[in-house]
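As a basis for the values below, the full set of heavy atoms in this structure was taken, side chains included, without hydrogen atoms, waters or symmetry mates.
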Amino acid sequence: MASGIALVVALVFTMAQLSVGSSRRLMELYVPPESDRLSYHQGAVLSGDIPVSILWYGKFTPAQKSIVSDFLLSLTTAPNGAATPSVGQWWGTIEQLYLSKAAAAANGAAAGSTRVLLGEQLTDEDCSHGSSLTLDQIEQLAARVGAKKGGVALVLTDEDVSVEGFCSSRCGRHGSSQDGESTHIWVGNSVKQCPGHCAWPFAQPQHGPQGAPLVAPNGDVGMDGVVMVLATMVAGTVSNPHGDGYYQGPKGAGLEACTACSGVYGSGAYPGYAGNLLVDPTTGGSYNANGAGGKKYLLPALYDPGTASCSTLV
């Protein structure tokens with residue numbers, strides 16, 4: 001009797017494995033029709049020098065600030081001989097898949113060099129607009145930063161600040177000024193409010209397949225999660241700054257460069273599994289990109305419009 005039960009259990013387990021494997025293969029083989037793919041809608045993309053100004057809204061330690069600033073510095077100013085895979089290589093993929101092709105479509109010429117520059121940084125530790133913000137207030141804070149033409153105003157809110165839609169429908173957001181001269185990004189530290197939603201895979205997921213969380217590469221679940229979301233917003237901002245660049249689906253609510261590959265960080269990813277990643281032998285942190293100051297980051301996959309697939313660093 002016991003052997004019969006064991007056989008049934010083994011068969012069920014094997015069938016489950018086959019089901020998961022088959023589903024993964026079907027996902028890999030599926031190619032959506034051209035009309036359903038992420039594509040270029042002839043709008044502007046960001047290029048040239050892209051200055052990024054930051055407003056730190058709430059309390060952030062110097063170590064937390066350096067996690068973000070070193071990520072931004074790593075995008076286009078990595079030193080020669082930097083360890084690979086790198087943040088700079090991830091940015092290079094954005095240039096290859098999106099920025100250069102938009103330039104070619106616009107004027108038939110190759111895109112010029114693009115540089116992300118770290119600009120002015122302001123701090124509002126006392127939370128002058130309160131600890132519960134609307135999206136309109138986020139835009140007011142972005143305007144206060146005063147992004148330069150062609151630049152980005154980055155608003156980061158700390159772990160105690162709630163924002164309209166945060167954790168329920170968004171982990172971050174990007175948009176542009178009314179005059180179209182500049183863009184803005186907001187990202188919140190989710191460590192107290194919804195790490196399983198906005199800092200996965202460094203926290204237990206709120207929904208879906210459950211698995212043990214990975215170790216954050218910089219030892220800060222909240223801020224390592226911020227960088228993952230920030231990278232997603234940066235990719236969306238430069239490739240679709242005003243809503244008429246690269247996107248899939250309805251304008252203003254479509255998928256973008258990273259959101260079209262949601263949850264994918266390494267090769268072999270599937271729901272509940274971030275993919276095959278690198279692991280730091282000293283800290284145990286999982287990552288896929290090396291950055292400035294010896295920091296390591298986990299960056300999202302980028303959608304390749306040409307192959308309708310997700311491009312990963314590892």
Side-chain angles (χ1 to χ4, degrees), residues 46 48-77 87 91 114-167 170-193 198-199 218 220-238 241-242 291-293 295 297:
L46 297 188
D49 287 351
I50 306 174
V52 179
S53 303
I54 305 176
L55 173 61
W56 303 92
Y57 191 82
K59 292 182 171 60
F60 293 88
T61 67
Q64 289 179 321
K65 290 182 178 181
S66 72
I67 291 173
V68 172
S69 59
D70 282 348
F71 164 69
L72 294 171
L73 289 171
S74 301
L75 288 169
T76 57
T77 58
V87 175
W91 176 265
T114 299
R115 295 189 304 166
V116 176
L117 308 173
L118 192 56
E120 184 180 11
Q121 298 188 48
L122 304 176
T123 299
D124 187 347
E125 282 196 0
D126 296 329
C127 297
S128 59
H129 284 60
S131 59
S132 181
L133 304 175
T134 65
L135 294 180
D136 286 341
Q137 288 175 310
I138 290 292
E139 293 190 7
Q140 292 169 17
L141 291 172
R144 178 174 149 194
V145 179
K148 297 179 181 179
K149 183 177 180 180
V152 180
L154 172 58
V155 178
L156 298 171
T157 51
D158 79 6
E159 59 194 43
D160 294 312
V161 175
S162 62
V163 176
E164 179 184 346
F166 187 38
C167 295
R170 60 178 62 91
C171 299
R173 190 172 188 259
H174 76 85
S176 59
S177 59
Q178 291 185 347
D179 59 12
E181 294 290 319
S182 63
T183 59
H184 57 265
I185 293 173
W186 156 73
V187 180
N189 185 338
S190 65
V191 70
K192 286 186 178 180
Q193 301 176 57
C198 295
N218 297 296
D220 190 317
V221 170
M223 296 308 294
D224 279 309
V226 163
V227 169
M228 290 190 297
V229 178
L230 175 57
T232 299
M233 294 298 105
V234 165
T237 297
V238 299
H242 309 298
K295 291 185 175 62
Y297 299 100

Treating Glu159 as the side-chain partner and Lys192 as the backbone partner, does any N or O pair qualify as donor plus acceptor under 3.5 Å?
no
So which heavy atom on Trp91 is nearest to which on Leu75, and how close?
CB-O, 3.4 Å
Show the nearest heavy-atom pair for residues Thr123 and Gly58, with the distance to one decimal.
CG2-O, 4.5 Å
How would you list, by chain and number, every residue that makes a side chain to side chain donor-acceptor pair (under 3.5 Å) with Gln193, sequence neighbours excluded?
none
Nearest heavy-atom contact between Ser53 and Val145 is CB-CG1, 3.1 Å
Note, Val152 side chain near Met233 side chain (heavy atom, < 4.5 Å)
no
Atom pair CG/CG of Leu156 and Leu141 - distance to nearest 0.5 Å:
11.0 Å
Is the ring centre of Phe166 less than 6.0 Å from the ring centre of Trp186?
yes
How would you list, by chain and number, every residue that makes a ring-ring contact (aromatic ring centres under 6.0 Å, His included) with Phe60, sequence neighbours excluded?
Trp56
How many angstroms lie between atom CG of Leu133 and atom CD of Glu164, to the nearest 0.5 angstrom?
10.0 Å
Short question: side chain of Thr76, backbone of Val116 - any donor-acceptor pair under 3.5 Å?
yes
Kindly give the heavy-atom pair with the smallest separation between Ala231 and Phe71, and that separation in Å.
CB-CZ, 3.9 Å
Side-chain donor/acceptor of Asp224 to backbone N/O of Asn218, under 3.5 Å
yes
Tyr57 side-chain N/O to His129 backbone N/O, donor-acceptor pair under 3.5 Å:
yes
Can you confirm whether the thiol sulfurs of Cys171 and Cys198 sit closer than 2.5 Å?
yes
Could you tell me whether a side-chain N or O of Ser74 sits under 3.5 Å from a main-chain N or O of Ala292, the two making a donor and an acceptor?
yes
Side chain to side chain contact (heavy atoms under 4.5 Å, CB included) evaluation trace for Ile54 with Leu72:
CA-CA 11 Å; Ile54 305 176; Leu72 294 171; 3.9 Å; yes
Okay, side chain of Ser177, backbone of Ser182: is any donor-acceptor separation there less than 3.5 Å?
yes
Report the residues that fulfil side chain to side chain donor-acceptor pair (under 3.5 Å) with Asn189, sequence neighbours left out, ordered by chain and then residue number.
none
Apply side chain to side chain donor-acceptor pair (under 3.5 Å) to His174 and list each qualifying residue two or more places apart in sequence or on a separate chain.
Glu256
For Ser128, what residues pass the side chain to side chain donor-acceptor pair (under 3.5 Å) criterion, not counting sequence neighbours?
Asp124, Arg144
Strictly by salt bridge (Lys or Arg N to Asp or Glu O under 4.0 Å), give each pair with a member in residues 57-73 just once, sequence neighbours left out.
Asp70-Lys295
Where is the tightest heavy-atom contact between Ile50 and Gly151, given as atom of each residue plus distance?
CG2-CA, 4.5 Å
Are the side chains of Asp160 and Ser131 in contact, using a 4.5 Å heavy-atom criterion?
no
One pair to check against side chain to side chain contact (heavy atoms under 4.5 Å, CB included): Asp220 and Gln64. What are the steps and the verdict?
CA-CA 8 Å; Asp220 190 317; Gln64 289 179 321; 3.1 Å; yes
Test salt bridge (charged side-chain N to carboxylate O under 4.0 Å, His left out) applied to Arg173 and Glu139, step by step
CA-CA 10 Å; Arg173 190 172 188 259; Glu139 293 190 7; 3.7 Å; yes
Output for pair (Glu120 CD, Leu55 CG), nearest 0.5 Å, gives 10.0 Å
May I ask you to decide if Gly150's main-chain N or O and Thr183's side chain share a donor-acceptor pair within less than 3.5 Å?
no
Please report the closest heavy-atom contact between Ser69 and Leu118, naming both atoms and the distance.
CB-CD2, 3.8 Å
